[in-house]
Amino acid sequence: MLFVGLILVVLVYFDVHEQLVELLEWIHAQGAMAAVFFILLMAAVVVLLLPGIFLTTGAGFVFGLIEGTVLVVAGTVIGASLAFLIARHLFGERASRFIVSRSHLQVVSDEMARHDLKVVMLTRLIPFFPSKISNYFFGLTRFTFKGFVLGSLIGFIPFSLHNVYLGSITADLASLSRGEVARSPLQWAFYGLGFVATIAALLYFNNLARRALAAYSQESGSLHGGKPVPEAGTAAGPAKGSS
């Protein structure tokens, strides 16, 4: 998180975010190849562990809500899948043995692999979860590629939609400031309600995902000897003996 924050500060300080918008506008002007170029760019950002907030909101600014969301989700899933395959086939057995040799991580690698699709999907619904790094981590576990891809596809939609939605609102505000469009109070009310609804949905999904992951951790921990995996963001408590 500190690394991503530093990158964002550097991007803003050197006005790189404006250059990214110009790049997206150039991509949008490429006609039929625009979607391909953007998806490849989004996938590269995911594989290289770079912050994608400017791309996701920029997609809404340039492509609009529907097309932008589809392109962001497609590029993110492809990038995550490439990272998964890189870890699985290029990092080697030493990295995999390091993962499974750690007791808590072994629980994720073994028992929770039975719920790979659901576990991956739930991690995508938690804000600030290190999803780009986790793509490589999941590649070193026994999670199936199919479960990983489907879980990522479903789980990436809410936050992608939220970020693209913010970008689309920004585009309308920019157009309004230039006098290109005029919105009625009712339309702005719908924008406001949509923003509130997306925030409420993300909070709900986050709470639901954390509780579900905690349940999976407790179930897997009991199968692994009564040592449940601590929930993300919490410290490990004393282990309970199995009954």
Side-chain angles (χ1 to χ4, degrees), residues 4 8 11-12 15-84 120-121 124-125 127 129 131-132 135 148-184 186-202 204-206:
V4 171
L8 290 175
L11 290 178
V12 173
D15 293 327
V16 177
H17 62 297
E18 295 181 0
Q19 298 175 25
L20 284 175
V21 172
E22 293 177 359
L23 173 61
L24 291 178
E25 290 176 341
W26 177 86
I27 291 176
H28 186 253
Q30 301 310 304
M33 292 299 296
V36 176
F37 288 153
F38 180 84
I39 289 174
L40 292 177
L41 178 61
M42 193 74 225
V45 166
V46 174
V47 171
L48 297 176
L49 306 179
L50 299 176
I53 183 64
F54 288 125
L55 280 181
T56 54
T57 54
F61 190 94
V62 175
F63 294 100
L65 179 61
I66 303 302
E67 183 181 3
T69 301
V70 172
L71 295 179
V72 166
V73 172
T76 305
V77 171
I78 291 176
S81 302
L82 289 175
F84 181 95
V120 172
M121 179 186 68
R124 307 309 192 192
L125 297 175
F129 189 88
S131 60
K132 292 186 179 68
N135 296 328
F148 174 82
V149 172
L150 291 178
S152 297
L153 176 62
I154 299 171
F156 279 137
I157 291 175
F159 281 103
S160 299
L161 179 62
H162 170 262
N163 291 340
V164 175
Y165 180 71
L166 292 180
S168 67
I169 293 179
T170 304
D172 275 351
L173 290 174
S175 299
L176 181 64
S177 67
R178 295 192 298 264
E180 298 176 359
V181 297
R183 299 293 185 190
S184 68
L186 181 60
Q187 288 174 313
W188 285 116
F190 277 120
Y191 270 123
L193 289 174
F195 178 76
V196 172
T198 56
I199 294 297
L202 292 180
Y204 171 76
F205 285 139
N206 170 47

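This one's a predicted model, so the numbers in the text were calculated from it and none came from an experiment. All residue numbers in this chain count up from 1 along the given sequence.
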From [atom1] ([X]) to [atom2] ([Y]), nearest 0.5 Å:
{"X": "L153", "Y": "S160", "atom1": "CG", "atom2": "OG", "value": "10.0 Å"}
{"X": "I157", "Y": "T69", "atom1": "CD1", "atom2": "OG1", "value": "9.0 Å"}
{"X": "T57", "Y": "H162", "atom1": "OG1", "atom2": "NE2", "value": "10.5 Å"}
{"X": "F63", "Y": "I27", "atom1": "CZ", "atom2": "CD1", "value": "6.0 Å"}

Side chain proximity check, [X] to [Y], heavy atoms < 4.5 angstrom:
{"X": "E25", "Y": "F61", "answer": "yes"}
{"X": "F54", "Y": "L24", "answer": "no"}
{"X": "I66", "Y": "V164", "answer": "no"}
{"X": "V72", "Y": "N163", "answer": "no"}

Check [X] against [Y] and note the closest heavy-atom contact, atom names and distance.
{"X": "G52", "Y": "V45", "value": "CA-CG1, 4.0 Å"}
{"X": "A80", "Y": "F156", "value": "CB-CE1, 4.2 Å"}
{"X": "P158", "Y": "L125", "value": "CG-CD2, 3.6 Å"}
{"X": "S152", "Y": "V120", "value": "OG-CG1, 3.5 Å"}
{"X": "N135", "Y": "R124", "value": "OD1-NH2, 2.7 Å"}
{"X": "K132", "Y": "L50", "value": "CE-O, 2.9 Å"}

Could you please spell out the steps behind the side-chain contact (heavy atoms from CB on, under 4.5 Å) verdict for T56 and M42? CA-CA 9 Å; T56 54; M42 193 74 225; 4.0 Å; yes
Geometric class of the F37/W26 ring pair [parallel <30°, tilted 30-60°, perpendicular >60°]: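 Answer is parallel, since the angle falls under 30°.
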I'd like to know if the side chain of T76 reaches the main chain of V73, judged simply by a donor and an acceptor atom lying under 3.5 Å from each other, with no hydrogens or angles considered.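 No, the answer is negative, given that no donor and acceptor are paired below the 3.5 Å cut-off.
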